[in-house]
Amino acid sequence: MIDIRTLREDPDRVRASQQARGEDPALVDAVLEADRRHRHDLTEFERLRAEQKTVGKQVAQASGEEKSALLAEVKDTAARVKELDRSQAEAAQERERLLRRIGNLVIEGVPAGGEEDFRVLDTVGQPRDFTADGFEPRDHLQLGELLGAIDMARGAKVSGSRFYFLTGPGARLETALLTLALQRAHEAGFVQLGVPTLVGEEAMAGAGFLDAHADEVYRLEADGLYLTGTSEVALAGYHADEILDLTDGPRRYVASSTCYRREAGAHGKDTRGIIRVHQFQKVEMFVYCRLEDAETEHERLLAWERGMLDAMELSYRVIDVAAGDLGGPAARKYDCEGWVPTQGRYRELTSTSNCTDYQARRLGARERDPNRSGTRPVATLNGTLATTRWLVALLENHQRADGSVRVPAALQPLLGAEVIAPRE
RNA sequence: GGAGGCGUCGCCUAGUCUGGUCUAUGGCGCCCGCCUGCUAAGCGGGUUUGGGGCUACAACCCCAUCGAGGGUUCAAAUCCCUCCGCCUCCGCCA
């Protein structure tokens with residue numbers, strides 16, 4: 001949620017941001033209208049309420065005839081107060097409802113436009129030339145089956161489409177990847193958290209996943225709980241409604257968790273293999289820091305992601321995601337996309353968002369304001385350090401003509417092997 | 001699953017039966033000042049959060065806030081209802 005005060009004082013800035021996102025700038029005026037109504041009724045309510053309290057005290061002192069007279073007088077006020085409180089609250093709710101629909105203020109420099117309007121910031125490595133290598137690359141599922149690493153058929157038998165088993169070397173490769181990510185985060189000073197993946201409505205909404213992504217979320221009707229599509233939800237909720245002390249620098253957390261996504265709008269897309277599945281593992285970084293440090297911190301998160309991709313010896317590109325493709329809470333988002341040989345294109349492997357104070361305001365994660373009395377929202381950022389999807393890039397890019405797959409040096413000690421060989 | 005207890009402004013705590021004197025008590029901690037070779041002690045003051053008015057985003061004034069939400073009442077921490085969380089006991093099950 002953006003700051004209502006920014007919207008009051010500088011509505012043009014908000015309109016411009018909406019425009020860049022391809023969203024409705026008229027929403028700004030609707031919020032302002034509801035805000036005016038709210039403040040008018042609130043002022044009136046407070047004035048009458050003060051009066052009611054004063055008379056109420058007199059009632060307590062008085063007796064007999066004087067008391068009945070006062071009672072008669074204040075009874076009317078009480079009814080008016082109740083009425084105004086209702087309309088004030090109603091206007092506040094309307095303002096809130098509209099305000100929540102406005103996305104975060106896009107940071108200057110973010111390309112305007114939609115999904116295709118991203119800017120490429122960097123490209124690392126070359127897409128592997130299999131013609132030069134003299135063989136036709138197998139896709140990750142062919143390799144997975146050849147190596148005894150992925151079993152889609154049994155996944156479907158047990159749970160349906162977009163479910164899978166990782167088997168033997170596949171499961172071990174995933175574990176090694178996640179472990180390395182956690183190790184590297186630990187060495188960088190992150191505090192590791194074990195997190196709930198089943199959360200209440202408050203946490204889900206606070207992180208912003210019940211707005212645009214509501215269809216993507218698994219909901220357990222009987223218990224009023226939601227399965228999280230990323231540990232960001234739990235990590236964002238961790239310090240909800242708290243006043244943090246950030247004088248010693250940012251709070252950095254990392255968590256590995258199972259992620260659940262309905263993929264409701266993805267019928268027929270990426271149906272083969274484990275590119276797009278209902279359940280996967282992810283190591284996620286999450287940072288609470290001061291607003292003025294957020295952009296620097298965002299660069300750091302990106303650097304940690306790139307370090308991990310480099311260690312996997314993958315070729316990838318870094319993109320500055322366009323405003324229209326950001327999602328509500330993000331003010332800027334960098335994706336790292338790994339090369340997938342059999343698709344001949346780059347696919348998202350990591351994503352890091354700077355949510356500035358947008359998510360924190362809704363969550364109530366604050367700090368003492370260094371410039372004045374009171375508190376102010378902190379900034380939150382998140383980023384991916386590893387996911388199950390990385391197996392696709394690892395298998396396809398490091399495959400050899402005989403169907404075996406070379407293990408990147410960084411994973412070899414964890415896996416205890418330099419090569420994953422086909423089953424006999 | 002059954003029975004009971006509890007939830008107060010950082011922590012502990014008074015207040016709830018018997019609604020108005022609660023502008024929520026006291027202690028601890030913390031902050032500022034005084035005193036003082038230094039520290040400690042002592043003394044004085046301050047110390048929830050959110051919002052509105054007015055403004056320099058100060059000071060000041062006001063409203064809300066006693067787990068959350070409703071209700072009763074002129075008036076609710078206090079009475080009634082619903083929900084949430086924690087604890088104890090019993091049962092059941094690993």
Side-chain angles (χ1 to χ4, degrees), chain A residues 1-11 13 31-100 105 196 198-206 219-226 234 237-248 251 290-292 357-378:
Chain A
M1 192 160 59
I2 66 166
D3 190 353
I4 182 71
R5 270 168 291 211
T6 306
L7 194 136
R8 269 182 213 142
E9 286 157 23
D10 196 359
R13 188 169 158 220
V31 173
L32 285 174
E33 175 50 33
D35 183 47
R36 266 192 291 274
R37 241 176 58 227
H38 168 245
R39 284 197 289 168
H40 174 269
D41 289 359
L42 182 63
T43 306
E44 202 46 21
F45 160 76
E46 287 181 347
R47 194 181 61 74
L48 266 182
R49 176 70 176 150
E51 183 186 315
Q52 182 194 22
K53 280 170 71 169
T54 309
V55 180
K57 269 171 201 150
Q58 292 167 16
V59 170
Q61 310 277 313
S63 60
E65 225 170 277
E66 194 191 349
K67 188 162 185 168
S68 353
L70 281 169
L71 279 183
E73 179 199 327
V74 80
K75 209 154 189 167
D76 218 43
T77 313
R80 280 281 292 152
V81 164
K82 204 168 233 179
E83 180 67 25
L84 280 164
D85 191 25
R86 221 191 312 274
S87 65
Q88 166 274 124
E90 205 175 292
Q93 205 179 354
E94 174 69 0
R95 185 187 70 178
E96 181 95 355
R97 192 182 66 78
L98 293 166
L99 192 60
R100 289 175 84 109
L105 296 174
L198 216 41
V199 303
E201 174 147 16
E202 204 113 322
M204 209 63 186
R219 173 156 184 222
L220 301 194
E221 192 69 49
D223 301 282
L225 292 169
Y226 298 86
Y238 188 64
H239 283 308
D241 298 317
E242 292 183 20
I243 297 170
L244 298 171
D245 182 1
L246 296 175
T247 49
D248 293 334
R251 304 271 194 113
R290 291 191 157 165
L291 188 57
E292 57 267 32
D357 56 356
Y358 187 94
Q359 195 176 46
R361 181 168 294 107
R362 187 152 54 182
L363 290 163
R366 295 153 294 159
E367 66 170 334
R368 300 273 165 217
D369 196 318
N371 305 315
R372 70 194 79 150
S373 62
T375 66
R376 61 171 192 174
V378 300

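In what follows, every heavy atom counts, from backbone to side chain, and hydrogens, waters and symmetry copies are set aside. So that the names make sense, note that chain A is the first sequence line, chain B the second, and so on, each numbered from 1.
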Subject >> Base-contact (B) and sugar-phosphate-only (S) positions in nucleotides 50-57 of chain B, heavy-atom cut-off under 4.0 Å, - elsewhere >> reply: SBSS---B
Subject >> Whole-Å C1' distance, B/rC35 and B/rG51 >> reply: 41 Å
Subject >> Interatomic distance, A/Glu51 CD vs B/rC61 C1' [rounded to whole Å] >> reply: 17 Å
Original post:
Near A/Gln93 CD, under 6.0 Å, is it more than 12 heavy atoms from other residues, nucleotides or ligands?
Top reply: no
Polar pairs (N or O, both sides) under 3.5 Å between protein and nucleotides 78-81 of chain B?
none

Original post:
Which heavy atom in A/Asp85 sits nearest to a heavy atom in A/Phe45, and how many Å separate them?
Top reply: CB-CE1, 3.7 Å
Subject >> Integer angstrom distance from the C1' of B/rA68 to that of B/rG85 >> reply: 10 Å
Original post:
What's the shortest heavy-atom distance between A/Ala205 and A/Arg100, and which atoms?
Top reply: O-NH2, 4.0 Å
Subject >> A/Arg361 (side chain) donor-acceptor with A/Pro377 (main chain) under 3.5 angstrom >> reply: no
**OP:** Could you work out the separation of B/rU36 and B/rG44 based on their C1' atoms and round it to a whole Å?
**Re:** 16 Å
Original post:
Does atom CZ of A/Arg13 have more than 12 heavy-atom neighbours from other groups under 6.0 Å away?
Top reply: no
**OP:** From the options B/rA64, B/rC62, B/rU23, select the nucleotide whose nearest atom is closest to the side chain of A/Lys53.
**Re:** B/rA64
Original post:
C1' atom, B/rC92 versus B/rC83: distance in rounded Å?
Top reply: 26 Å
Table of protein N/O atoms under 3.5 Å from nucleotides 71-76 of chain B N/O atoms:
{"from": "B/rU72", "atom 1": "OP2", "to": "A/Lys82", "atom 2": "NZ", "distance (Å)": "3.2"}
{"from": "B/rC74", "atom 1": "OP1", "to": "A/Lys75", "atom 2": "NZ", "distance (Å)": "2.8"}

Subject >> B/rC81 and B/rC87, which share atom name C1', separated by this distance in whole Å >> reply: 24 Å
Subject >> Exercise: identify the closest heavy-atom pair between A/Ile2 and A/Leu105 >> reply: CG2-N, 4.2 Å
Subject >> Nucleotide forming a Watson-Crick or wobble pair with B/rG10, both distances under 3.5 Å >> reply: B/rC28
Subject >> Pairing of A/Asp76 and A/Arg80 as salt bridge, 4.0 angstrom limit >> reply: no
**OP:** Indicate, with a heavy-atom threshold strictly under 4.0 Å, whether A/Arg361 touches base, sugar-phosphate, or nothing.
**Re:** nothing
**OP:** Please give the nucleotide sitting opposite B/rU82 as a Watson-Crick or G-U wobble pair, both distances under 3.5 Å, or none.
**Re:** B/rA68
**OP:** Could you measure between the two C1' atoms, the one in B/rU23 and the one in B/rG37, and give it in whole Å?
**Re:** 45 Å
**OP:** Give the rounded distance in Å between these two atoms: CG of A/Asp369 and P of B/rA58.
**Re:** 11 Å
Subject >> Heavy-atom check, side chain of A/Thr77 versus side chain of A/Val55, under 4.5 Å >> reply: no
Original post:
Would the number of heavy atoms belonging to other residues, nucleotides or ligands and lying under 6.0 Å from CD of A/Glu202 be above 12?
Top reply: no
Subject >> Nearest-angstrom distance from the residue atom CZ of A/Arg368 to P of B/rC30 >> reply: 16 Å
Subject >> Base-pairing assignment for B/rA75 (Watson-Crick or G-U wobble, both under 3.5 Å) >> reply: none
Original post:
Which value, in whole Å, describes the distance between the C1' atoms of nucleotides B/rU78 and B/rU73?
Top reply: 13 Å
Original post:
Taking atom P of B/rC63 as reference, at what distance in whole Å does atom CD of A/Glu44 sit?
Top reply: 14 Å
Original post:
Taking all non-hydrogen atoms of both residues, which atom of A/Ala92 and which atom of A/His38 are closest, and how far apart?
Top reply: CB-CD2, 3.5 Å
Subject >> Cationic N near anionic O, under 4.0 Å, A/Arg376 to A/Glu367 >> reply: yes
Original post:
A/His40 versus A/Arg37: any side-chain heavy-atom pair under 4.5 Å?
Top reply: no
**OP:** Could you tell me whether A/Arg97 and A/Glu94 have a side-chain N and a carboxylate O separated by less than 4.0 Å?
**Re:** yes
Original post:
What does B/rC60 pair with, Watson-Crick or G-U, if both distances are under 3.5 Å?
Top reply: B/rG53
**OP:** Find the distance A/Leu48:CG to B/rC62:C1' and express it as a whole number of Å.
**Re:** 13 Å
Subject >> Nearest-Å distance once atom P is located in both B/rA76 and B/rG19 >> reply: 14 Å
